[in-house]
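So the structure is just underneath, and the comments pick up after that.
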Amino acid sequence: MEVKTGHDEFALVQHHESYQRILPSGMAPGAQDRFSEGIDQYQGGCTFQAPDVLLARMHRALVYSKDALVMNRHRDILWESALSKTEVLEKNGILDQLTKPRALPVAGTYALLSHPWAFGYYHWLLEILPRLAYLEPVMKHSANLRLIVPHPLNRFQRESLILSGIAAESLVPFDGKCWEVEELYFASMPAPTGNPSPRAVEWLRQAFLPPAPNPTLPTGHSGRKLYLSRRDAPQRRLLNEAEISCFLQEQGFEILCAGEYSFEQQVAIFSEAACVIAPHGAAVSNMAFAPRQTPLIELFGENYLNGCYWALANILDQPYGCVIGQCTGLDYEVSLNELKQVMLQLGL
């Protein structure tokens, strides 16, 4: 289906989806209500309705500022380019401008592969890269199409694009100013931020896992038991990580810091996972590459309970548990005894 507005066209590329998710099967005492409040806030609860996904073809569109906001030729802001969030526009400052920015004309045909939170691993992996699926027909029929990407590209962004089969010469780094693009393709996100799309996850697995991915790995029989450290993180660190990691090493867990590995290595590591325990953080996004039914236990501080990885685990039928700890500022400490209880509940 295509809708034309003047010289702009909007095609429906994915119908709306309804997600029905189940609550965690492993929880420490008293954590159920607090976790439910968190997923109500960030994921909309166990039932979630994702809107249609549209692919826009726009003429003389603007790409503006470090957030890569998109405006049509009439200088109306494309709401989806701001993650459909008013706070993104408010933080950007574009709503406070009395005059529209002066634009640099850019000739040619382009597609935008970015958004305001593009440098986050989760957002890049689950919200931006899967847009390549919607752009594939355009790329097949437009040999001169180039991709506008963040600048500078992080290591994982560059490596994932290469592994996706994108030629380096087709990438155009965006300088964060204001470009008026002759012809611009823009795909909305597979699903609102914080709610991974099953179709996006399937695309990632097809794009990056081997042709014959590992079958489900029975817990305790094969595969790698992983603990993901956040020792390289500036905030939301686990204060008693030494205690937790020492115990887990005794149980046969590998202690990994995912950021120390290439993107390809991270995919390979998680494809062999038998179970994963991790503080809440971007590295948990790699559960998209773990075998189905691989258990995940997530560690949280009480002041930030975002269930995006619980939602991801639901897509892949991965048993999920969590432990909620007490915070000191943005960092926190979890109870080892509560972790042991949750591990027992999940059969680890």
[atom2] on [Y] to [atom1] on [X], rounded to 0.5 Å:
X    : Y    : atom1 : atom2 : answer
E264 : I269 : CD    : CD1   : 11.0 Å
L129 : L161 : CG    : CG    : 6.0 Å
I77  : W79  : CD1   : CH2   : 9.5 Å
M27  : R34  : CE    : CZ    : 8.5 Å
H15  : D52  : NE2   : CG    : 7.0 Å

Next on the checklist: Apply side chain to side chain contact (heavy atoms under 4.5 Å, CB included) to residues L184 and I148 and explain how you reach the verdict.
Outcome noted: CA-CA 10 Å; L184 179 71; I148 299 174; 4.2 Å; yes

Would you say the side-chain atoms of [X] pair up with the backbone N or O of [Y], donor to acceptor, closer than 3.5 Å?
X    : Y    : answer
S81  : L69  : no
H123 : F119 : no
N72  : R75  : yes
D8   : H59  : yes
Q43  : G194 : yes
S170 : A167 : yes
R205 : A290 : yes
S164 : I166 : no
N240 : V334 : yes

With distance as the sole criterion, is a donor-acceptor pair present between the side chains of [X] and [Y] under 3.5 Å?
X    : Y    : value
Y227 : Q251 : no
E202 : Q206 : yes
N303 : R236 : no
H115 : E127 : yes
T193 : W117 : no
Q318 : T294 : no
N314 : Q20  : no
T109 : Y185 : no
N286 : Q266 : yes

Checklist entry - Should L62 and V70 be marked as a side chain to side chain contact (heavy atoms under 4.5 Å, CB included) after you check the CA-CA gap, both sets of side-chain angles, and the distance that decides it? => result CA-CA 5 Å; L62 295 189; V70 176; over 6 Å; no

Within one Ile-Leu-Val-Met-Phe-Trp-Tyr cluster: [X] and [Y], side-chain cutoff 4.5 Å:
X    : Y    : result
I315 : W124 : yes
V201 : V13  : yes
F270 : Y121 : yes
I244 : M343 : yes
I94  : V181 : no

Are [X] and [Y] within salt-bridge range, i.e. N to O under 4.0 Å?
X    : Y    : value
E182 : R60  : no
K225 : E254 : no
K91  : E87  : no

Checklist entry - Parallel, tilted or perpendicular for Y309 and Y122, by the 30°/60° rule? => result perpendicular

Checklist entry - Hey, what's the ring geometry for F48 with Y19, parallel, tilted or perpendicular (30° and 60° as the breaks)? => result tilted

Just so I know, are the side chains of [X] and [Y] near enough to count as touching, which here means a heavy-atom distance under 4.5 Å?
X    : Y    : value
M58  : R73  : no
L126 : M189 : no
C257 : L228 : no
V63  : V106 : no
W203 : Y134 : no
Y64  : N92  : yes
H280 : N306 : yes
V342 : C322 : no

Least distance between heavy atoms, [X] atom then [Y] atom:
X    : Y    : value
L89  : A82  : CD2-CB, 3.6 Å
V323 : L339 : CG2-CA, 3.8 Å
P173 : L171 : CD-O, 3.8 Å

Checklist outcome for this item: Partner of P319 under side-chain contact (heavy atoms from CB on, under 4.5 Å), picked from P24, C275, S25, is S25

Checklist entry - Among L312, V284, I277, L316, which residue meets the side-chain contact (heavy atoms from CB on, under 4.5 Å) test with L296? => result V284

Next on the checklist: Can you confirm whether more than 12 heavy atoms, excluding those of Q235, are under 6.0 Å from its CD atom?
Outcome noted: yes

Checklist entry - Counting only heavy atoms not in I22, do more than 12 sit closer than 6.0 Å to its CD1 atom? => result no

Checklist entry - Yes or no on ring-ring contact (aromatic ring centres under 6.0 Å, His included) for Y261 and F156, after CA distance, side-chain angles and deciding distance? => result CA-CA 9 Å; Y261 296 86; F156 64 78; over 10 Å; no

Checklist entry - How would you list, by chain and number, every residue that makes a side chain to side chain donor-acceptor pair (under 3.5 Å) with S262, sequence neighbours excluded? => result Q265

Checklist entry - Are F10 and F186 close enough that their ring centres sit under 6.0 Å apart? => result no

Next on the checklist: Is it the case that the ring center of W179 lies less than 6.0 angstrom away from the ring center of F174?
Outcome noted: yes

Next on the checklist: Does F253 form a side chain to side chain contact (heavy atoms under 4.5 Å, CB included) with F247? I'd like the steps, not just the answer.
Outcome noted: CA-CA 9 Å; F253 279 76; F247 164 73; over 6 Å; no

Checklist entry - So which pairs with a foot in residues 319-341 pass side-chain hydrogen bond (donor to acceptor under 3.5 Å, both in side chains), sequence neighbours left out? => result R237-D331, E298-Y320

Next on the checklist: Please evaluate residues L113 and R131 with respect to the criterion side chain to side chain contact (heavy atoms under 4.5 Å, CB included), reporting the C-alpha separation (whole Å), side-chain torsions for both, the decisive distance (0.1 Å), and the verdict.
Outcome noted: CA-CA 7 Å; L113 204 64; R131 295 185 188 189; 4.1 Å; yes

Item to check | From CA spacing to verdict: salt bridge (charged side-chain N to carboxylate O under 4.0 Å, His left out), E241, R231 | outcome: CA-CA 9 Å; E241 184 167 78; R231 60 177 177 264; 5.5 Å; no

